[in-house]
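Quantities reported herein were computed from a predicted structural model and do not represent experimental measurements. What you see below is based on every heavy atom in this structure, not just the backbone, and it leaves out hydrogens, waters and symmetry mates.
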Amino acid sequence: CPGRTRDPVLFMWFTMISPDSVPQSRHYAVRLRTAHAEQARFIEDTAKRKVIRAGRRGGKTVGCAILAVREFLKNRRILYATPTEEQIGTFWYEVKRALREPIDAGVYTKNETMHFIERPYTQSRIRAKAAYNADTLRGDYADLLILDEFQLMNEDAWEVVGAPMLMDNDGDAVFIYTPPSVRSAGISKAHDRRYASKLYKRAAENHGNGRWAAFHFASHANPHISQAALAEIASDMTALSYRQEIEAEDVEEIPGALWTRANIELDRVDVAPGRLDRVVVAVDPTCTRTGDEAGIVVCGKCGDHYYVIADLSLKASPDVWAKTAVDAFILYEADRIVYETNQGGEMVEHTIRTVDRHVPLRSVHASRGKITRAEPVAALAEQHRIHHVGMFPKLEDELCSFTGKPGQASPNRLDAFVYAITELHKRAPATVTAH
């Protein structure tokens, strides 16, 4: 690549037996990229568990390819996994490039379908595969496991399958991630969207103990990408996205947001009280099959505390979300369904009545601005009176990113949540009509 220093070349010697039984030595070049300073830091570190938090195009995948080839040359077994097949490309290209001469000479076997390179008749191998979750990672073992784009994977890929597959030879693990932005969080399969950042914190707290190591570098650390383009892209991204995607910062709290992850985590519970005073199902409807999600949130009250029991929000036609709301009413033994009438009006009531004509309903007309409606509920959360029963990643993302600034997208789950807590906390006769 232009501007790249000459890549180091390793030479491998093999003793071959010729037809006349005379041993012959041959050597083949293994061409590795020159690691930039930040890549070299995590490549050379000997910790058993490395967590790498890096910006887009920062060189984290190429660095892992260098590491994988080096470990493969020590006769180790390497498994590299990403969420999707498309994301394998860079890593697979780099290891093939590095090992091209011994592959062409038949010293190593390459399988393009299964994406592996191996030394015949040994367990030494590099394999790249897709692993969104535990099931797609099963069926193998490794001396070195590399999980790339880890923030998009289900955590069971590591906890249930990845960790046990290292037991054969006391293997090592590398976790690579870019902090999840709003764009990437939507495609994550993780139950806990902050799982990767929590793992990084654990590594940072124990860095240098021989078992854990944490590494952080921004996109700017890669000397082989255009610094001018990096400067230009700042004008194309929000400040928050730039901090996450380019600076690789784990932004826990968004300035001005009404909810904080710290408070939600502090007040989270595993189960709700055995007997709740009231339960309501709140619906923020959508009137089209292909429009926004319909927010459907179930909340309960016990004394002066409130519990988020379920988030059943979905993108579906009116008859589907109406049935979902009625089913939740029955399942959670709710007192009523609360629904917003600004969008759809009488149609919303009619749709729900089509599913169950006897279900108790209360309509809410959102006559005030979203921020004004949300603030009293946020105040209850600040008083530690709202508890999430389990985890609701998408709802929590909406809560913790909502600032009420002009132009911010309307969060449907947040709306349903606010209607539910408001109904349980107090009623506003001027804007609520019972049916």
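- Distance alone, capped at 3.5 Å, places no donor-acceptor pair between the Asp156 side chain and the Glu159 backbone.
- For the pair Asp148 and Phe91, the minimum side-chain heavy-atom distance is 4.5 Å or more.
- Counted within 6.0 Å of NZ on Lys96, heavy atoms from surrounding residues, nucleotides or ligands total more than 12; the atom is thus considered enclosed.
- Asp311 has its side chain out of reach of Glu396: every pair of non-hydrogen atoms, C-beta onward, lies at least 4.5 Å apart.
- For Phe417 and Phe392, the ring centers sit 6.0 Å or farther from each other.
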Start with the C-alpha distance between Asp397 and Arg261, add both sets of side-chain angles, then the distance that settles salt bridge (charged side-chain N to carboxylate O under 4.0 Å, His left out), and finish with yes or no.
-> CA-CA 9 Å; Asp397 284 348; Arg261 296 187 186 278; 2.9 Å; yes
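- For Glu112, the CD atom is densely surrounded, since the number of other residues' heavy atoms within 6.0 Å is greater than 12.
- Put simply, the side chain of Asp45 never gets that close to the backbone of Arg41: no donor and acceptor are under 3.5 Å apart.
- Rounded to the nearest 0.5 angstrom, Phe217 CZ and His36 NE2 are separated by 5.0 Å.
- Using a 4.5 Å cut-off on side-chain heavy atoms (C-beta onward), Lys50 and Phe215 make contact.
- Using a distance-only test at 3.5 Å, with no hydrogens or angles considered, no donor-acceptor pair links the side chain of Glu94 to the main chain of Ile66.
- One N or O on the side chain of Arg268 and one on the backbone of Gly390 form a donor-acceptor pair closer than 3.5 Å.
- Arg77 pairs in a side chain to side chain contact (heavy atoms under 4.5 Å, CB included) with only one of the listed residues (Ile126, Thr122, Asp143), which is Asp143.
- Although no hydrogens or angles enter the test, the distance criterion places a donor-acceptor pair under 3.5 Å between the side chain of Glu398 and the main chain of Leu414.
- More than 12 heavy atoms of other residues, nucleotides or ligands sit less than 6.0 Å from atom CZ of Arg125.
- Counting heavy atoms from C-beta on, the side chains of Ile386 and Asp267 never come closer than 4.5 Å.
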